[in-house]
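To start, the structure under review is shown below, and the notes come after it.
No experiment lies behind these values; they were computed from the predicted model shown. To find a chain, count down the sequence lines: A is the first, B the second, and so on, and within it residues start at 1.
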Number of protein chains: 2
Amino acid sequence: MTQATSYDKLKGAISQAYPDLSGQLQRIARFALERPNEFALGTVAVIAEAVQVQPSSLIRFANALEYKGFSEMQQVFRGNLVERSTSYRERIDQLRRQDRPGSKGGSLHQFVGEAIAELGNLEETVRAVDVMTAVKLMCGADRVYVLAQRRAFPVACYLSYALSHLDIKAYLLDGAGGMLSEALKNITARDALIVTSFRSYSQPVIDAAGLAHEQGVSVIAITDSALSPLKPFARVSFEVGSTVDQPFRSLVAPLCLAQALVVTAGHHLAEASIKSASTSQSKSRTKPKKTTSARNGVAP
Amino acid sequence: MTQATSYDKLKGAISQAYPDLSGQLQRIARFALERPNEFALGTVAVIAEAVQVQPSSLIRFANALEYKGFSEMQQVFRGNLVERSTSYRERIDQLRRQDRPGSKGGSLHQFVGEAIAELGNLEETVRAVDVMTAVKLMCGADRVYVLAQRRAFPVACYLSYALSHLDIKAYLLDGAGGMLSEALKNITARDALIVTSFRSYSQPVIDAAGLAHEQGVSVIAITDSALSPLKPFARVSFEVGSTVDQPFRSLVAPLCLAQALVVTAGHHLAEASIKSASTSQSKSRTKPKKTTSARNGVAP
DNA sequence: TAAATAATAGAACATACATTTCATTTTGTC
DNA sequence: GACAAAATGAAATGTATGTTCTATTATTTA
């Protein structure tokens, strides 16, 4: 392999060489791919400081990629920088042109646009109070059950996975083996149930929500309309998506909401544990420094 | 007048000062406005050579614009360079920095902002060719298997669900009952495998991708970095997410990509069926009018 | 035309920089 | 557990770079 002269080639060369690099050089490689701009403009000393390595390691990195020195490699990053800055306009125009006929590969642009619109809508319609209410229900519950089917199922997956990484006991009701009704029997009034369903609403999910509601379970609903059959059963309900003239939607908005719920719950738990730790030292929560871990470690 | 800190201001300052500059400094000024990239990246010597002046004149030029030295002025040019190359995300980041004080209910806003930034990044990094390649692999395969674990699992759920609503035979490898390796044995070279994994990459998924690759299966990877261990095994790989200073990410970007893949696949099938229907009427595909149904009816 | 002032060229200087070198630590192996 | 090899840290080195200074040239004014 010889030294790459274009940024794309360099990227390829880095990913190819990555497995055989030492730990420190791998760190540099990640940094190079994630923040190419700093690599392009920074001095060796500054970049080394940012990556938390010695300057010499940067030269070693460049050498590992067959460059004579760091500066030589930096030229490639710089080349990419000017190229991107000059062609940005053109690329935008290109995208504009592509998405009109919506024909070939331009559809990604279209979906990105729609997703952004959904997110904007999400931010407008969801009230902060509801988020806090839901978070308190989740944190206060003995166990949190998560239920969804079909299209909404990924949201439930994410919720159960992410909540499990907090101190919250989360259980995914996936209905495997047709044992949904059996699993529902174990839910008590001290638990919480997060149900997610969109049009056309899955009947088992509706039934389950109704059942849980009757038994005094705190039901949190993530759905797509104020007319959702889930709403009557829910202590809190979030109506995401379903912008006026958009008959179909992605899962972007509900997942973003789910993420917000989880991370906010993480913060909530952290605050609570700090408080309880300061009042009674003996009875502290399991993981006092939850704030940082909730931001960094937890599956958001 | 004081020294300009933004490129726009600097441009204004240059044109304002222009008439009062000496002939040589005017020439430098023209060059600075016409080829700002060279000004941003070049050394004093090479720029002086390009403008056909002495290096000292460049310093005089910077001094005339109230800068302490040339390097100081060059920083402005460099700042403009990176801003133009990353304008979309940069603006988002700026917005997010602003809403820091609104810590209370602002978290949702924060996640929405980050999600939008991710989507912007997605659009920038994903090439239309790769989408089409992946779509062709999916449509051409006998069966499409979808594999992911842990954090990435929701993406696989969505893909298998949505693909099943096309004419594509999709199978979700959820590893339930620890029967992943058994399921893998059934995959043949005529099939396709979509693997999704993010840091830290799930070993079973990596192994499965490697195995499939060895057996000649078309592997499509959705991952988060060019350094992903999945990449070597993949016929096509999408690197989504990993925005600059975000150590954690949501599933928004990969899900949006998944949606784009599915719907594009739907279009592709529809076109193919129309073509085959027009050539030989008797041998038409199962559902000729796929175009609309793929957009509206199918799980997007 | 001569003097004075501004502008420029060119070289000298000092600093910041990339690179190299060597000591030290870590990792892998017998 | 000891040795060898690789990787890393830290400082030294030489080069490249920005800046300043002075001599020279052009320009203006008396």
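The ring pair (Phe, Tyr, Trp, His ring centres under 6.0 Å) contacts involving residues 204-234 of chain B comprise B:His213-B:Phe233, where partners must be two or more places apart or lie in separate chains.
What separates CG of A:Asp20 from C1' of D:dA7 is a distance of 15 Å, to the nearest Å. Look at CD1 on B:Ile28: it is 14 Å from P on D:dG18, rounded to the nearest Å. The CD atom of A:Gln26 sits 14 Å away from the C1' atom of C:dT27 (whole-angstrom rounding). If you measure from atom CG of A:Leu21 to atom P of C:dT27, you get 16 Å, rounded to the nearest angstrom. Counting to the nearest Å, the P atom of C:dC17 and the CG atom of A:Leu41 are 13 Å from each other. Rounded to a whole Å, the CD1 atom of B:Ile47 is 11 Å from the P atom of D:dT17. Here D:dT20 presents its P atom at 13 Å from CG of B:Leu58, a figure rounded to the nearest Å. Rounded to an integer number of Å, the gap from A:Arg27 CZ to D:dT8 C1' is 11 Å.
Not less than 6.0 angstrom separates the ring centroid of B:Phe153 from the ring centroid of A:Tyr161.
Taking only side-chain atoms of A:Gln54, from C-beta outward, the nucleotide of D:dA10, C:dA18, D:dA7 with the closest atom is D:dA10.
A donor atom on one side chain and an acceptor atom on the other are not found under 3.5 Å apart for A:Tyr158 and B:Arg151. Counted by atom type alone, B:Glu239 and B:Ser225 present zero donor-acceptor pairs between their side chains at under 3.5 Å.
At C:dT8, one or more side-chain N or O atoms of B:Ser22 fall inside 4.0 Å of OP1 or OP2 (strictly under the cut-off). An OP1 or OP2 oxygen of D:dG9 is reached within less than 4.0 angstrom by a side-chain nitrogen or oxygen of A:Gln24.
Salt bridge status for A:Glu72 with A:Arg78: absent, with no side-chain N to carboxylate O gap under 4.0 Å.
Side-chain contact between A:Val263 and B:Phe111 is present, with heavy atoms from C-beta onward closer than 4.5 Å.
Under the salt bridge (Lys or Arg N to Asp or Glu O under 4.0 Å) criterion, A:Lys11 pairs with no residue at all, not counting sequence neighbours.
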Report each atom pair, protein N/O against N/O of nucleotides 19-25 of chain C, whose distance is under 3.5 angstrom.
from, atom 1, to, atom 2, distance (Å)
C:dT19, OP1, A:Phe70, N, 3.3
C:dT19, OP2, A:Phe70, N, 2.6
C:dT19, OP2, A:Ser71, N, 3.4

